[in-house]
Structure formats: structure tokens, C-alpha cells
Novice: 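The structure under discussion is supplied below as C-alpha cells; questions concerning it will follow.
These values consider heavy atoms only, across backbone and side chains, with no hydrogens, waters or symmetry-generated copies. Order of appearance sets the numbers: ligands from 1, and atoms from 1 within every ligand. Given the structure is predicted, the values throughout are model-derived calculations rather than measurements.
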Amino acid sequence: MSPTLVPRSRILGTGAYAPAKVLTNADLEKIVDTSDEWIRDRTGIGERRVAAEDEAASDMALHAAQSALEAAGLQPTDLDMIIVGTISADMPLPACAAFLQQKLGCRAIPSFDVAAACAGFVYALSIGDQFIRSGMQKNVLVVGVELLSRVLNMEDRTTCVLFGDGAGAAVLGPANGDGRGVLSTRLYTDASLAESLCIPGGGSKEPLSAAGIEAKRDKVHMIGRDIFKVAVRNLTSASQNALSDADISADDVDWVVPHQANMRILSQVATRLQVPLDRFVLNIERYGNTSSASIPIALDEGVRDGRIQPNQTVLMCALGAGISWASALVRM
Ligand code: UT7
């Protein structure tokens, strides 16, 4: 490990939540012109979860956060900061993190959202790490939560089959000098493809009108092919940069916990990184693309089922709208 990269924050506990309702590919065959075969071949997705009607993003985040706090052995009142990666907050204003803070019953602590789409959790992790490194905060809750079923056009087969709902969380605290913790993070945005994945209506540029709602301008629009090409290249290079920052080779990575958007993207990233896919924590088949929630859900699964062990090295990488992408290397 490079002497300048002694970890200063570490993951004290993880948690995740997936709503109970399952939407299978067979269910989608009844809604749009698609097939289980197409979805599985092109993406690796078999089913996804859908939030209940009375569930908001902060409700899902609450479950994941409570579970992460329990694993960390901390109470909500021990938290010094909450950072939520999301693009599907309860309301445009205030932040999802404010509602999460309210539901957890925290003290008055800084709580804010990060709008980095699928890279939101890694952005939040990196920001939390910086605050702990600087000594400004001690215990930081980082969350990735998405309720994308509310912003999908269920008549658009090119997007509605891809995404699912869920939440994941991690509690960060100061490292204790044993080498475990966040080793390096890298954050990027290249806005040249900003319009290739967006929700065009409902913001200040295009306030919602009846015509806008009719035209589904308040739903996700994506030119998947454009994103695919850059995803393989950028996920690979961001991962390589996080590794070289920490002076660690791909051989020394125990687990890759990637954003789960498409199995074909992940296969190509695995080949380029020269890390076999059996060292990737994958759950895309069961959850689809849960955007900012996909990494913390997979991380929590890997920790709880015993695959990810203390002291192992975990590489995270994610890419989504913006185009924003990010990587993080963590010794667990
Ligand atoms: O997490 C956020 C970042 N997002 C991503 O990383 C997504 C990156 N992109 C992708 O994962 C892939 O581009 C998709 C899975 C979205 C699409 O796969 P693709 O192999 O790039 O398909 P395509 O867009 O090139 O479409 C191929 C064909 C088209 O038909 P024609 O024009 O060849 O006749 C589509 O209309 O597949 C058709 N198609 C479908 N057919 C059945 C598109 N969606 C569907 C569908 N079912 N659901």
C-alpha cells in the first residue's frame, strides 16, 4: 500500500432492502413487446423488485440504514452526517436525506442528497470518506436508494425492462490504523452524453405540463447503445486508476462489487481488468438495475453471506447518467 494512502475511514456496517413485490420478465411480456429470452440475453436480468404504492424512497432507505447501523453497532444518534445517492427522492424538495434523518430520529446533522445517478453510492462513499479524513465528521451514513418504477415509462420496452427498486447503505467511521478502510476513490463526469440518459421534463428547464406528462417527458429516456460503449471503457479505466492510486494489482482484488446494469458490460469489464467473473458479486438476475442502490445491495449480500471477509480487498465501480462514473477500493 502506498504510504500516502493509509485509510482514514472504514466501513463499520452494511445493510440493504428490496421491496417484496417481484416483477418477472414473464410479467413484462404481458405489458410490452418483449421476451424473457431478449431480456436475459441482452442484459442478464430475470426479475426486479417494485416498491409498494405507499412506499417512498426514504422508507426503503430507512430499512437499509437501520440494518447498516445495527451491523455497525451504532444508534441513529451516533451519526454525524447522512449522504444519500438518489435521483428518485421522495420530493423534488427537500432532500431524501432529510426525510431519512427524520425517520431515523437523528440529531441536527448535515444530511443531503447526491445526484450522480447510478454512480451515486460511490460518490456518497467518497464524499463521506473525505469528511472523515479531514476530521470534520466521525460517523457518516452513506445510502444508495432508488424508486425508479415511479419514473419509468411502462410503454417503452427499451427502458422499462431494465430498472428496479431498492436501497443499500453503509456506515463509515474512522479507521483504526489496522489497514482496513477506504483506500482510494475516483469520481468523474463527462457531460458530452448528458442527454443520452435523462428525465427531460419536470425540472426548471421544462416544468411539467399536461402535454409533457402525456408525452412521458417526466420518465426515463435512454439511448442504451451510446451508454454501453462508454460504460465498458470508463468502468475499466476508473477501476484501474483506483487500483494504481493504492498501488494494488487486479490480482490482489478479492471481490469486484460493480454497478449492475448489464451482464454483457460486466463480462467485458472483467476481461479487460483480468479479474474472472467468479470474483464479481452479481445479483442483476434478481434485481435488475437499481441505479445507485445496486452496489450497496450487492456489497451487503456479499458481506452477509460470508463471501466478503474482513481484510479482503473490494473494488467498486459504477457508471450512469451524467455521464458520471466512479470507483472505490476498500479493504473491508
Ligand atoms: O445504469 C445506467 C447506465 N445504463 C447502462 O449502462 C445501459 C447501457 N446499455 C445497455 O445495457 C444496452 O444498450 C441495452 C440493454 C439498453 C440495450 O441492448 P442493446 O443490445 O444495445 O440493444 P439495442 O438498443 O441496440 O436494440 C437492439 C434491438 C432493437 O431492435 P431493432 O432496431 O434491431 O429491430 C430494439 O428495438 O432490440 C430491440 N429492443 C428490444 N427487443 C425486445 C430494445 N429493447 C427491447 C426489449 N425487448 N425490451
Novice: Apply the side chain to side chain contact (heavy atoms under 4.5 Å, CB included) test between V257 and each candidate in L315, V281, V303; give the one that qualifies.
Specialist: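 Considering L315, V281, V303, a side chain to side chain contact (heavy atoms under 4.5 Å, CB included) with V257 is found only for V281.
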Novice: Could you establish whether L319 and ligand 1 come within less than 4.0 Å of each other, counting only heavy atoms on the residue side?
Specialist: yes
Novice: So R49 and V22, side chain to side chain contact (heavy atoms under 4.5 Å, CB included) or not? Walk me through it.
Specialist: CA-CA 5 Å; R49 300 297 180 93; V22 175; 3.6 Å; yes
Novice: With a 4.5 Å limit on heavy-atom distance, are the side chains of S9 and F131 in contact?
Specialist: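 No. Closest side-chain heavy atoms not under 4.5 Å.
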Novice: May I ask whether I39 places a heavy atom under 4.0 Å from ligand 1?
Specialist: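 I39 does not count as a contact of ligand 1 under the 4.0 Å cut-off.
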Novice: Please confirm whether C118 comes under 4.0 Å of ligand 1, counting heavy atoms of the residue only.
Specialist: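 Judged by the 4.0 Å heavy-atom criterion, C118 does count as contacting ligand 1.
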Novice: Can you sort out which atoms of ligand 1 are near R42, meaning under 4.0 Å from one of its heavy atoms?
Specialist: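 Answer, ordered by atom number: 19 (P), 20 (O), 22 (O), 27 (C).
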Novice: Hey, looking at atom 18 (O) of ligand 1, which of R225, R157, R264 has the closest heavy atom?
Specialist: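 The residue whose heavy atom sits nearest atom 18 (O) of ligand 1 is R264.
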Novice: Strictly less than 4.0 Å: does any protein heavy-atom distance to atom 13 (O) of ligand 1 fall in that range?
Specialist: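 There is a protein heavy atom less than 4.0 Å from atom 13 (O) of ligand 1.
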Novice: Could you find the nearest protein heavy atom to atom 43 (C) of ligand 1 and give me its residue, atom name and distance?
Specialist: W38 CZ2, 3.4 Å
Novice: Counting only heavy atoms, tell me which of I323, N262, V232, V230 gets closest to atom 10 (C) of ligand 1.
Specialist: N262
Novice: Would you mind listing which atoms of ligand 1 come within a distance below 4.0 Å of any non-hydrogen atom of N289?
Specialist: 1 (O), 2 (C)
Novice: Between the side chains of E301 and R286, is the shortest nitrogen-to-carboxylate-oxygen separation below 4.0 Å, so that they form an ion pair?
Specialist: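 The answer is yes: the pair qualifies as a salt bridge.
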